[in-house]
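To start, the structure under review is shown below, and the notes come after it.
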Amino acid sequence: MPMKLPSIRTWIFPALLLVGAAVGILVLWPRDVKPPKIDESELRPPPPVPAIPLSGADRLEVRNRHGEFAFEKRADGWTMTRPFTAHANGKLIEGLMERLGKLDFGIVVSRDPKSHELEKVAGKLAVEVRLGKGSEPVWHLFLGQSAEFTLLRVADSAEIWQVRGAVRQQFVRDAVGWMEPELLAEPVDRVRAVRYLRPDGSLFAEFLQEKPGELKAADVGLKFHAGRVTRSLARLSQVRLHLIESDPAKMKELLKTSAGGVELGYASGRAQRFRFSAGEGADTAVMIEERSPGAERFQEASHVAIVHSHMLREALLVRPLDLEDPLLYVVKEEAVTDLRGQCEQFTYELVRDERRNFTRKASSQEFALARSSVEGFFRFLSGGLLTAVAVLDPSEVPAGFAPGPSSDFVELDTVVDGKRETVRVTWGAMTPIDFAGTRYHYVTSSTRPGLVFKVMEKKIMPICRTKLTWQLKAEDAEYLPSRERLVR
């Protein structure tokens, strides 16, 4: 059946309606009308900026949950003046000022004063920061809630700004967090005089240093090992502040007994004196006194520094034995002809073969000697690594830990410049773990008669060799022969 075409009357009327609507819109639409815009000045006015660049500020005051702190920039750097006087961490303060000077402001999130305390930009929970130059204020702001962004309000303004970054947290520090962490006021290479004081405050020894490493005793007759003094200075330069105590009664209690002290004179004319509390605890109290260039008397700090005791190991020298060389023994492999020892009830003896290599002696307990183990043994001894943290009189060794006839040992037959010598190093039982997590052995050496050396466990392990430590480890790639030749 043929398809019937639609009548023209069925579609011409809708077409005329569409054309008419288009013409009407074209004629009636208003001309030169721009879409509405939000007034951006209401959401983001010009960000608040300080009166001068913050690099010119010389005063800083901070109030946070730990208290109120004030700082002044003086000729010798930043000084904390409240809650007590102390050297402030100048690098930290300069870094914080630089951070404030480069704040990345976002938008104003609120102008409602009722929201200030809720957002922690007012009241006790706010972190308040004041900067000044001389007597003139430079900037006064409050830091509020902070995570990826920090809320900030400038004093005398209701606007709460959003700034990028966790800024508030950097100003939430206690007194220790604001102070210079190092005890030494100047770098150790500027030390020109060192005076060691006994517990009663009397002078034990004095050393002069015109250049770093060039030490000489003020008393020309004093026998000393320069390494002990340089090690002492190095340890002092590494000590960091852990806690402080500013209560006078508690300060007195902490310093009621003294272990001695150190006095340092710097090239600038400045001087410092450190007095250390006595005791075997994990922490040591330190009274710091300072004398300005040209001044006659030392001034005590208004607080006591508390440091980790293990950081002071080898720092305080108060008796002749403290000036002894801490090195027990050093020898090169080529100087040793025979080697014997005992460690954990395992005994061994090594001798040279015709090719001058060490091998196990037939009478020794059986084990497969690894060349790499021999090299490691002599690498330790020849490197001068067998050193002590303290040199003692035999009477000072605690009962039960002194080396005796049945103690572990290593014995070496040597030939140096045609002279034959047998050297024996013996160590007693291992001590319990101390406050710093370290164990020790009390050690004697036939080369240093009459002395006992307190040596860390980790420095005895390389010479206390057992069957397992003389042999190759399973993962060692060195060739292990199935049977080694014995020397009878």
| request: Scan L312, L184, V307, V239 and name whichever one has a side-chain contact (heavy atoms from CB on, under 4.5 Å) with F274. | output: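 Among the candidates, only L184 passes.
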
| query | Between F207 and Y196, what is the ring plane arrangement, given parallel below 30°, perpendicular above 60°, and tilted in between? | reply |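 Perpendicular: the ring planes of F207 and Y196 meet at over 60°.
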
| said: Once you measure the plane-to-plane angle for F367 and Y348, does it fall in the parallel (<30°), tilted (30-60°) or perpendicular (>60°) bin? | reply: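 Geometry flag for Y348 against F367: perpendicular rings.
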
Looking at side-chain heavy atoms only, is the closest gap between [X] and [Y] below 4.5 Å?
X	Y	answer
W427	C464	yes
V191	Y266	yes
C343	R465	no
H87	E290	yes

| request: Go through T422 and D413 one step at a time and tell me if the side chain to side chain donor-acceptor pair (under 3.5 Å) criterion holds. | output: CA-CA 4 Å; T422 298; D413 293 338; 2.9 Å; yes

| message | Pair T284, S277 - check side chain to side chain donor-acceptor pair (under 3.5 Å), show working. | response | CA-CA 6 Å; T284 297; S277 64; 4.9 Å; no

| request: Give the minimum heavy-atom separation between L96 and Q170, together with the two atoms involved. | output: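 Taking every non-hydrogen atom into account, CD2-OE1, 3.4 Å.
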
| field | Heavy-atom pair with the smallest gap, counting every atom of Q342 and S407 | value |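 The answer is NE2-O, 3.7 Å.
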
| said: Tell me whether M461 at atom CE has more than 12 heavy atoms from other residues, nucleotides or ligands lying less than 6.0 Å away. | reply: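 Open: at most 12 neighbouring heavy atoms sit under 6.0 Å from CE of M461.
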
| message | Surrounding CZ of R164 (heavy atoms of other residues, nucleotides or ligands, distance under 6.0 Å), is the total greater than 12? | response |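 At most 12 heavy atoms, drawn from other residues, nucleotides or ligands, come within 6.0 Å of this atom.
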
Among side-chain atoms of [X] and [Y], is any donor-acceptor pair under 3.5 angstrom?
X	Y	answer
T359	D353	no
E94	W78	yes
S268	E186	yes
Q365	T347	yes

| Residues that V331 engages under side-chain contact (heavy atoms from CB on, under 4.5 Å), provided they are two or more places apart |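 So V331 forms a side-chain contact (heavy atoms from CB on, under 4.5 Å) with Y329, A335, V336, L381, L412, T414.
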
